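Report on the structure given below.
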Amino acid sequence: VAIADVSSYVKPGQPLDREAELRGTSVYFPGRVIPMLPEALSNGLCSLKPDEDRLCLICDLSINDSGAVTRSRFDAAVMRSQARLTYDQVWDWIVSGNQEIRPGTAAVSASLRDLYGLYKALRRARTRRGAIEFESTEVQFRFDERGAVEDIVPYERNDAHMLIEECMITANVEAANFLIRQRIAAPFRAHEPPPPDKLESLEQFLRGLGIKVPWRGRPEPRHFEQIVQQVKGRDDQHLVMAVLLRAQSLATYQPANTGHFGLALAAYAQFTSPIRRYADLLVHRAIHHVLAHRGARGYPLEREHMDKLAEQCSHRSRRAEEAERDVNDRLKAIFMERHIGDDFKGQVTGVTSFGLFVEITRNHVSGLVHITSLPNDYYHFDPVVHRLTGDRTGKVFQLAQKVTVRVMAVNVEERKIDFELVP
């Protein structure tokens with residue numbers, strides 16, 4: 001796994017480094033990126049372009065048929081990429097079964113075949129250790145020539161995406177193990193088990209849907225994966241996935257390794273994106289120091305300073321995620337403003353004392369059906385089973401219920417969308 005050697009260009013204490021530390025991460029908005037580093041680096045010197053020499057830091061891995069790493073080492077290197085491929089190109093090639101991904105690429109295609117075989121072994125290992133397979137519901141915004149949102153469509157991941165992800169995760173684990181062995185100050189990516197208060201409400205939610213809770217006391221990652229497998233193919237699969245995800249603790253950067261619950265890993269650091277994450281750049285610097293000095297002696301960053309940097313990276317990461325979510329919600333509201341009066345199929349994803357939250361099936365846009373918009377009745381709210389029941393009519397509204405809604409109003413500034421039920 002070869003990663004562009006950003007740390008050779010961004011030196012501690014220099015203006016580039018101070019600005020990168022301040023930003024902490026690149027921020028990704030639909031159609032636009034606010035990069036952590038200047039484009040001359042991110043799309044130039046640190047872009048692994050085909051047939052051009054590039055500095056990199058490599059994690060050289062030997063992996064057996066069971067998907068277990070038998071040997072790993074880190075090295076500073078120069079690489080010359082043979083081809084630049086997109087996820088769609090690789091996925092189309094996998095599905096088609098063609099010998100070559102494109103004419104004249106026999107060597108590249110042979111490497112891809114080996115890599116796909118490796119991916120299958122890594123996936124089997126992932127399944128055995130019980131890592132949680134959350135299926136996300138990301139969307140893509142399609143813009144017209146004027147820059148307005150033309151459509152919102154689900155973003156689907158395939159084996160080409162997951163192939164890269166598994167290789168990255170494996171390299172990240174080896175980076176964490178390397179840092180632990182060398183006892184050098186660096187940020188680890190920590191993900192704690194779900195806190196007790198979230199677990200309690202999650203268990204109530206699952207039992208309300210008739211789903212067996214597979215743990216007693218403290219759950220393990222494999223227990224969540226068992227629920228994922230239980231609900232596959234059900235109408236409420238997407239809803240259960242979303243609730244399982246919300247029940248998880250937030251991942252943070254820590255100066256000491258505490259493992260990663262979601263991935264079911266004892267040690268985890270992030271090594272693979274120093275162009276867009278400052279924490280990864282810190283990991284690269286630590287590895288480079290060990291390679292150059294044959295150990296951690298003389299490393300200028302003390303653990304107390306690393307504690308502050310890790311907390312800062314966590315804050316910057318959360319800030320970026322909030323900004324991305326805020327922009328996405330605004331774009332969704334702007335798009336739905338054009339659909340006031342239109343009807344959509346949807347599913348109830350939340351039940352409260354003041355109404356129903358409904359998500360449109362086609363584009364995953366959510367809105368509220370206020371209780372005053374429900375058929376005229378007095379409704380009793382049951383928070384345990386997430387249900388509203390009409391006092392006079394006995395009409396029931398509950399989680400995962402399929403409904404048709406009409407867009408009634410949109411407030412772009414507050415990112416609020418109001419629906420009413422269509423009989």
Side-chain angles (χ1 to χ4, degrees), residues 123 126-141 152-163 165-166 169 191-215 218-251 260-265 318 321-322 324-325 328-329 332 344-352 356-368 383-387 397-403 405:
R123 291 293 292 182
R126 181 187 180 114
T127 300
R128 283 197 301 275
R129 71 173 187 264
I132 310 170
E133 292 287 348
F134 290 119
E135 293 183 13
S136 62
T137 55
E138 296 178 38
V139 295
Q140 275 184 314
F141 293 88
I152 303 173
V153 296
Y155 177 73
E156 296 182 4
R157 294 191 338 136
N158 54 47
D159 279 4
H161 296 90
M162 291 186 280
L163 182 155
E165 182 180 287
E166 287 300 323
I169 289 172
H191 184 233
E192 300 292 334
D197 57 329
K198 286 187 175 182
L199 270 182
E200 186 177 348
S201 59
L202 174 63
E203 289 171 10
Q204 289 180 351
F205 166 79
L206 294 172
R207 291 190 180 105
L209 291 180
I211 298 170
K212 183 180 178 183
V213 176
W215 62 80
R218 183 171 174 152
E220 298 176 15
R222 61 184 176 85
H223 292 134
F224 285 87
E225 179 57 16
Q226 286 170 15
I227 295 171
V228 170
Q229 296 305 320
Q230 267 191 68
V231 301
K232 275 197 172 173
R234 286 176 43 149
D235 288 343
D236 56 5
Q237 176 183 343
H238 158 60
L239 172 62
V240 175
M241 291 283 189
V243 174
L244 287 178
L245 194 56
R246 287 199 295 268
Q248 302 302 308
S249 299
L250 289 174
H260 196 292
F261 180 82
L263 294 172
L265 293 167
R318 287 194 298 272
E321 288 172 5
E322 288 167 5
E324 290 164 7
R325 187 163 51 245
N328 285 356
D329 288 345
K332 287 177 180 179
F344 295 92
K345 301 287 186 184
Q347 186 178 45
V348 177
T349 56
V351 181
T352 71
L356 312 171
F357 286 99
V358 175
E359 184 177 273
I360 295 172
T361 305
R362 182 182 175 276
N363 57 22
H364 300 299
V365 172
S366 293
L368 174 69
V384 176
V385 293
H386 302 265
R387 181 182 297 157
F397 297 101
Q398 58 191 4
L399 280 174
Q401 187 172 334
K402 291 186 177 181
V403 293
V405 293

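If you read the sequence from its start, that first residue is 1, and numbering goes on from there. The structure presented is a predicted model; accordingly, all values stated were derived computationally and were not measured.
- Scanning all heavy atoms of the two residues, the minimum distance from F261 to P219 falls at CE1-O, 3.6 Å.
- For the side-chain hydrogen bond (donor to acceptor under 3.5 Å, both in side chains) test with E225, the passing option among R222, Q229, H223 is Q229; the others fail.
- Closest approach of Q237 and V231 over heavy atoms only: CB-O, 3.4 Å.
- Between the side chain of R129 and the backbone N or O of L263, at least one donor-acceptor pair lies under 3.5 Å.
- Within the 4.5 Å cutoff, no side-chain heavy atoms of F397 are placed close to those of V351.
- More than 12 heavy atoms of other residues, nucleotides or ligands lie within 6.0 Å of NZ in K198, so this atom counts as buried by the packing criterion.
- In terms of modelled atom types and a separation under 3.5 Å, the side chain of E166 and the main chain of M162 share no donor-acceptor contact.
- To the nearest 0.5 angstrom, R246 atom CZ is 10.0 Å from L202 atom CG.
- Atom CG of L356 sits about 12.5 Å away from atom CD of Q347, to the nearest 0.5 Å.
- By the neighbour-count criterion of 12 heavy atoms within 6.0 Å, atom CD of E156 is sparsely surrounded, having that number or fewer from other residues, nucleotides or ligands.
- Considering every non-hydrogen atom in both A264 and G130, the closest pair reads CB-C, 4.1 Å.
- Counting heavy atoms from C-beta outward, I132 and Q248 have side chains that approach closer than 4.5 Å.
- Across all their heavy atoms, P193 and S249 have their closest contact at O-OG, 2.7 Å.
- The shortest distance between side-chain heavy atoms of V139 and K332 falls below 4.5 Å.
- In this structure, CZ on F344 lies 5.0 Å from CD1 on I360, to the nearest 0.5 angstrom.
- Between I211 and R234, the shortest heavy-atom distance links the atoms CG1-NH1, 3.7 Å.
- Proximity of a side-chain donor or acceptor of H191 to a complementary backbone N or O of G262 within less than 3.5 Å is detected.
- The CD1 atom of I169 sits 8.0 Å away from the NE2 atom of H260 when rounded to the nearest 0.5 Å.
- Atom CD of E200 sits in a sparse spot, with 12 or fewer heavy atoms from other residues, nucleotides or ligands closer than 6.0 Å.
- A donor-acceptor contact under 3.5 angstrom links the side chains of W215 and E203, judged on distance only.
- Taking CG of D236 as the reference point, atom NZ of K402 lies at 10.0 Å (rounded to 0.5 Å).
- Within the 4.5 Å cutoff, the side chain of V348 has no heavy atoms near those of the Q398 side chain.
- Taking 4.5 Å as the limit, some side-chain heavy atom of F205 sits within range of a side-chain heavy atom of L239.
- With contacts defined as side-chain heavy-atom distances shorter than 4.5 Å, the pair L206/Q230 does not qualify.
- Ring geometry for Y155 against H161 counts as perpendicular: the plane angle is over 60°, on a 0 to 90° scale with 30° as the lower cut.
- E133 has a carboxylate O that lies under 4.0 Å from a charged side-chain N of R123, or vice versa, which qualifies the two as a salt bridge.
- Closest of all the heavy-atom pairs between G350 and L399 is N-CD2, 3.7 Å.
- Residues E359 and H364 have side chains in contact (heavy-atom distance under 4.5 Å, counting atoms from C-beta outward).
- Rounding to the nearest 0.5 Å gives a distance of 13.0 Å between CZ of R126 and CZ of R128.
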